[in-house]
Amino acid sequence: MEIPVMDFSVYELGKTHVSTGNVDKLSYELRNAFTEVGFVYLKNTGINQDEVDKVMGVSKKFFCLPESVKKPFSRGNFSCDVNHGWVSVETESLNPRRPGDLKEAFNITSLRADINWPSEGVDDFRDVHLSFFQRCKELSLRVLRVMALGLGLEAEVFLSTHKYIGSDGNATTLRTLYYPPVNSASVKENQLRCGEHSDYGSITLLFQSSEGGLQVLNRAGEFISAPSIPGTVLINIADLMQRWTSDVYVSAVHRVLLPPAGDSSTRQSLAFFVQPDDEAIISCCDGSDKYPPVKSVDYLLSRFNDTYGNKQIPV
């Protein structure tokens, strides 16, 4: 089964007058997509391809800088947030049973004005990424509202625990990712660009460059390709949402394969990882005890420990 493409125009960014009937229909379709596949492409969200291309262009300038320029911005160098900053190639193992992932990233988790941002050769890095962070925030809140309606819940159920996105009380992260060319002769056994994993929080918004490689595990247990579709955002369920909904919405496993031998292309993506507020207690919204209650930040830190192992930064 392929990943469905859904039209979000009835609730796109900037639209204030929304028909209840149209939103009800959208919530029904979105629920079907998430329960049958776990992923969905949304088109006509209000975020256009030019916006995405601009962020990727600025990001690539940063990633192509010498390591000596990028290193001062490393994850762990920011006292205000353990997860903010640059991550070098092979630092992460999203599947801990594989060698380190062949990718680098920059996590925008803190929006504070008093921290140091990359500027050498990328003067607009901060402003471009913070602007896109806010656009993704507004879209994610609309998606969460529709998801609640699809479960027959009050529209504000999920929004009430995502009040602090963009502040120190919430770990939602805009992550810009760069997959450099792969030298097939030096790749380690079982190494991938990004190992099999599920995401940690509520939902993830993903924007991709044209290069392929992303695969998602569908509900039938088969990995299927998730190619870039210009003008769309790919959305998936993450772990805490699965717990929250007692497995109605299921967190989807995904990975990024190596390019074919001899293919020297790069790959980019932008992932907006939506987290509940740090102090939010996530418990089954149907009143069951299928999963024990867990604090959002505690679950996040446990997953970071899996990903970074003994390289995890203490907090």
Side-chain angles (χ1 to χ4, degrees), residues 45 47-78 81 83-92 94 100-113 115-140 165-166 171-182 192-194 199 204-214 226-236 254 256 259 264-274 307:
T45 62
I47 296 178
N48 61 53
Q49 191 61 43
D50 288 343
E51 292 180 77
V52 175
D53 292 344
K54 183 177 182 179
V55 182
M56 287 189 179
V58 171
S59 294
K60 191 168 186 177
K61 288 180 182 178
F62 172 79
F63 289 122
C64 290
L65 293 171
E67 183 170 337
S68 59
V69 177
K70 294 182 286 188
K71 195 168 184 178
F73 303 99
S74 293
R75 179 185 186 273
N77 285 359
F78 296 86
D81 194 294
N83 195 40
H84 187 91
W86 176 62
V87 179
S88 59
V89 173
E90 295 191 274
T91 297
E92 296 180 345
L94 286 179
D101 296 339
L102 294 173
K103 68 178 190 302
E104 57 182 297
F106 195 101
N107 301 330
I108 293 91
T109 302
S110 176
L111 308 191
R112 291 172 55 155
I115 63 174
N116 191 24
W117 287 85
S119 59
E120 182 177 331
V122 282
D123 292 341
D124 49 356
F125 186 94
R126 176 186 181 275
D127 292 344
V128 167
H129 284 87
L130 294 194
S131 174
F132 195 70
F133 185 107
Q134 296 297 341
R135 296 280 283 164
C136 290
K137 171 187 173 179
E138 293 307 314
L139 178 58
S140 63
I165 292 177
T172 292
T173 299
L174 172 61
R175 164 170 260 213
T176 177
L177 292 132
Y178 178 69
Y179 300 82
V182 173
L192 295 178
R193 274 181 156 171
C194 183
D199 296 338
T204 301
L205 282 57
L206 182 70
F207 305 84
Q208 304 183 77
S209 63
S210 59
E211 294 76 23
L214 178 64
S228 169
I229 301 178
T232 68
V233 52
L234 182 61
I235 300 184
N236 66 273
H254 45 289
V256 179
S264 60
S265 63
T266 61
R267 170 185 162 82
Q268 282 185 267
S269 63
L270 303 169
F272 190 70
F273 297 108
V274 182
T307 298

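Looking at V89 and L102, their side chains come closer than 4.5 Å, going by heavy atoms from C-beta outward. Side-chain contact check for L234 versus L214: some heavy-atom pair is nearer than 4.5 Å. Contact check for M56 versus T176: no side-chain heavy atoms found under the 4.5 Å cut-off. Between N116 and P72 there is no side-chain heavy-atom pair separated by less than 4.5 Å. With a 4.5 Å cut-off on side-chain heavy atoms, T91 and R75 do not count as touching.
No donor-acceptor distance shorter than 3.5 angstrom exists from the side chain of E92 to the backbone of A105, with no hydrogens or angles considered. With D101 contributing its side chain and L94 its backbone, the two residues share a donor-acceptor pair below 3.5 Å. Remark: the backbone N or O of I47 is paired with a side-chain donor or acceptor of T45 at under 3.5 angstrom. In this structure, H84 contributes its side chain and F78 its backbone to no donor-acceptor pair below 3.5 Å. At distances below 3.5 Å, at least one donor-acceptor pair connects side-chain atoms of S228 with backbone N or O atoms of Q208.
The line from CG of N107 to CG of N83 is 4.5 Å long, rounded to the nearest 0.5 Å. The distance from atom CD1 of I229 to atom OG of S210, rounded to the nearest 0.5 Å, is 13.0 Å. Atom OH of Y179 is separated from atom OG of S265 by 12.5 Å, given to the nearest 0.5 angstrom. One finds the OG1 atom of T232 at 8.0 Å from the CD atom of Q49 (value rounded to the nearest 0.5 Å). Atom OG of S88 sits about 11.0 Å away from atom CZ of F63, to the nearest 0.5 Å. Note that OG of S209 and CD of E211 are 4.0 Å apart. Values are rounded to the nearest 0.5 Å.
When every heavy atom of W86 is checked against every heavy atom of K70, the shortest pair comes out as CE3-O, 3.6 Å. Nearest heavy-atom pair, V274 versus S140, reported as atom, atom and distance to 0.1 Å: CG2-CB, 3.6 Å. When all heavy atoms of P181 and T266 are compared, the pair lying nearest together is CD-CG2, 3.5 Å. Taking both residues in full, the closest heavy atoms of W117 and R112 are given as NE1-O, 3.8 Å, listed atom of the first, atom of the second, then distance.
Of the residues R267, K60, K103, the one that meets the side chain to side chain contact (heavy atoms under 4.5 Å, CB included) test with Y178 is K60. Considering L206, L205, V233, I108 in turn, L205 is the only one that fulfils the side chain to side chain contact (heavy atoms under 4.5 Å, CB included) rule with F272.
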Enumerate, atom names and distances included, each donor-acceptor pair closer than 3.5 Å involving a side-chain atom of residues 125-136, sequence neighbours excluded.
unit_1	atom_1	unit_2	atom_2	d
H129	ND1	F125	O	2.8
H129	NE2	S59	OG	2.8
R135	NE	E51	OE1	2.9
R135	NH2	G46	O	2.5
R135	NH2	E51	OE2	3.0

